[in-house]
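Remarks on the structure that follows.
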Protein chains: 2
Amino acid sequence: MTTDVSSRTPRPEHGETRWLDAEEQRAWRAWLYSTQLLQDRLDRELTRATGIPHTYYEILVQLSETPGRQMRMSELADRCLSSRSRLSHAVSRLEERGWVRRQECPEDGRGLLAVLTDEGFAALEAAAPVHVEGVRTHLFDQLSPQQVAAMRDIGETLLRHLDPS
Amino acid sequence: MTTDVSSRTPRPEHGETRWLDAEEQRAWRAWLYSTQLLQDRLDRELTRATGIPHTYYEILVQLSETPGRQMRMSELADRCLSSRSRLSHAVSRLEERGWVRRQECPEDGRGLLAVLTDEGFAALEAAAPVHVEGVRTHLFDQLSPQQVAAMRDIGETLLRHLDPS
DNA sequence: GCGGAATAATCAAGTGCTCAACTATGCTCC
DNA sequence: GGAGCATAGTTGAGCACTTGATTATTCCGC
């Protein structure tokens, strides 16, 4: 990143900026570009083949894996790494497709349950093979077992820092 | 992903789907969530501190690193992993801020050059330390040198497959 | 049990992105 | 030298997401 800038601005404020060296820049760019391209590719292929964008897919997956195929809106948002507002919008659209339905929550009058419908489950069943095949083709097929292990290790290390939940 | 579904749909069409086993699912989710959280975090911190979202930042960086601080729109789009349309919109907004300006291209009457202005360069200089500090804090400070090397290796491996340019 | 803070979810306005259509210029080849 | 096609870039409509405000309900201390 920013080689031009880094060579020109030693930056006085609260201590020197800890600029990235050439190695770090390469690592950072490789990571940034590969994640970007992989996510774009998977989302595009899934959307083209099934009409379901990855954000919606993730919601359906989370619901499908929960007992009763239902979940409180907030918890669903957390699991999808989504804001409440975004999830609310997304569930509205999934409701229009008939894949999810909102239900009042018995234990908490403020809350709502998002419930996966049979149609929603069927849509997920149809989309899952496409998605999994994409992940395999563009990720696992490209990496050695050692690389996969390292990827998981790095991911979990970062998660402990970023999402200590 | 999709444990529920994978146990129920052996899927006949063009051969069996190559489902992910438990290890692969953990690796995939760790990767997916960590990349998502890291990008969200970096973008949020940069935007809050400087008013520059990461997509704009990337455009400014690319221009700053090029001789003459100018580049053809298409090439800029490619380097930013952006569609032409998206870049066109983005450059329009950067123009409103006075950070970039469009200039006719001498060699090709169809083409335009995006030129980084002095104000744009100054904005980048102000934002760069914030961004770099974020990358260091949330990424490099969390990982061992071996993990950094592995991250780069994995990223470059995936790039060869996804973007064989 | 009542007043006030906290929580669940939605909504409205503004911004960014995607897709497809469009303009304008350059290229080819007869 | 003009027809047809390719390339560069923009535009507009519509969807998605963000932020901050809003409504409704619950929790808590007294």
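So that the names make sense, note that chain A is the first sequence line, chain B the second, and so on, each numbered from 1. Everything numeric here is computed off the predicted structure, so don't read it as measured data.
Take A:Thr35 and apply the side-chain hydrogen bond (donor to acceptor under 3.5 Å, both in side chains) test, not counting sequence neighbours, and it matches B:Gln39. Annotation: side-chain hydrogen bond (donor to acceptor under 3.5 Å, both in side chains) contacts of A:Arg110 (sequence neighbours excluded): A:Asp108. Scanning for salt bridge (Lys or Arg N to Asp or Glu O under 4.0 Å) contacts around B:Arg93 gives an empty result, with sequence neighbours left out. Considering only residues two or more places apart in sequence or on other chains, B:Arg152 meets the salt bridge (Lys or Arg N to Asp or Glu O under 4.0 Å) condition with A:Glu23, B:Glu156. Contacts of B:Asp21 classified as salt bridge (Lys or Arg N to Asp or Glu O under 4.0 Å), with partners at least two apart in sequence or in another chain: none. The side-chain hydrogen bond (donor to acceptor under 3.5 Å, both in side chains) check on B:Gln36 picks up nothing, with sequence neighbours excluded. Residues passing the ring pair (Phe, Tyr, Trp, His ring centres under 6.0 Å) test with A:Trp99: none are found, sequence neighbours excluded. Residues satisfying the side-chain hydrogen bond (donor to acceptor under 3.5 Å, both in side chains) criterion with B:Arg84, sequence neighbours excluded, are B:Ser74.
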List, with names and distances, any nitrogen or oxygen atoms from the protein found under 3.5 Å away from nitrogen or oxygen atoms belonging to nucleotides 3-7 of chain D.
residue : atom : partner  : partner atom : Å
D:dT7   : O4'  : B:Arg110 : NH1          : 3.3
D:dT7   : O2   : B:Arg110 : NH1          : 3.2

Quick one: which protein N/O atoms are closer than 3.5 Å to N/O atoms of nucleotides 19-22 of chain C? Pair and distance per line, please.
residue : atom : partner : partner atom : Å
C:dC19  : N4   : B:Ser85 : OG           : 2.7

Tabulated below should be each protein N or O lying under 3.5 Å from an N or O of nucleotides 2-4 of chain C; please produce it.
none

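Here the P atom of nucleotide D:dT18 and the CZ atom of A:Arg84 are 14 Å apart, to the nearest Å. Between A:Gln39 atom CD and C:dC17 atom P there is a gap of 15 Å when expressed in whole angstrom units. Protein atom CZ of A:Arg72 is 14 Å distant from nucleotide atom P of D:dT25, rounded to whole Å. Between A:Leu87 atom CG and C:dC11 atom P the separation is 13 Å, expressed in whole Å. Put simply, CG on A:Leu112 is 12 Å from P on D:dT26, counting in whole angstrom units. The nearest whole Å value for the distance from the CG atom in B:Asp43 to the C1' atom in D:dC17 is 12 Å. Taking atom CG of residue A:Leu113 and atom C1' of nucleotide C:dA8, one finds them 12 Å apart after rounding to whole Å. Put simply, NE2 on A:His54 is 22 Å from P on D:dC15, counting in whole angstrom units.
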Open item on the list: Go through it in stages, so that I can follow the logic: the residues are A:His138 and A:Glu45, the test is side chain to side chain donor-acceptor pair (under 3.5 Å), and I'd like the CA-CA distance, side-chain angles, deciding distance and then a yes or no.
Closed with: CA-CA 11 Å; A:His138 302 308; A:Glu45 289 181 358; 2.9 Å; yes
Open item on the list: Under the criterion side chain to side chain donor-acceptor pair (under 3.5 Å), I'd like the reasoning laid out for B:Thr157 against A:Gln147: C-alpha separation, chi angles, the key distance, then a yes or no.
Closed with: CA-CA 10 Å; B:Thr157 303; A:Gln147 285 175 313; 3.2 Å; yes
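The residue among A:Cys105 and B:Ser83 whose nearest nucleotide of DNA chain C is located toward the 5' end is A:Cys105. Mapped onto DNA chain D by nearest heavy atom, A:Thr55 and B:Glu75 fall at different nucleotides, with B:Glu75 at the one closer to the 5' end.
A side-chain donor-acceptor contact under 3.5 Å links B:Ser92 and B:Arg102.
Residues of residues 90-104 of chain B having a heavy atom closer than 4.0 Å to DNA chain D, listed by number: B:Arg102.
In this structure a side-chain-to-backbone donor-acceptor pair under 3.5 Å is missing from A:Asp43 to A:Pro53.
Transitive grouping of hydrophobic side chains (ILVMFWY, heavy atoms separated by less than 4.5 Å) keeps B:Leu112 and B:Val115 in distinct clusters.
The only member of B:Leu87, B:Ile52, B:Val100, B:Leu63 that meets side chain to side chain contact (heavy atoms under 4.5 Å, CB included) when paired with B:Leu94 is B:Val100.
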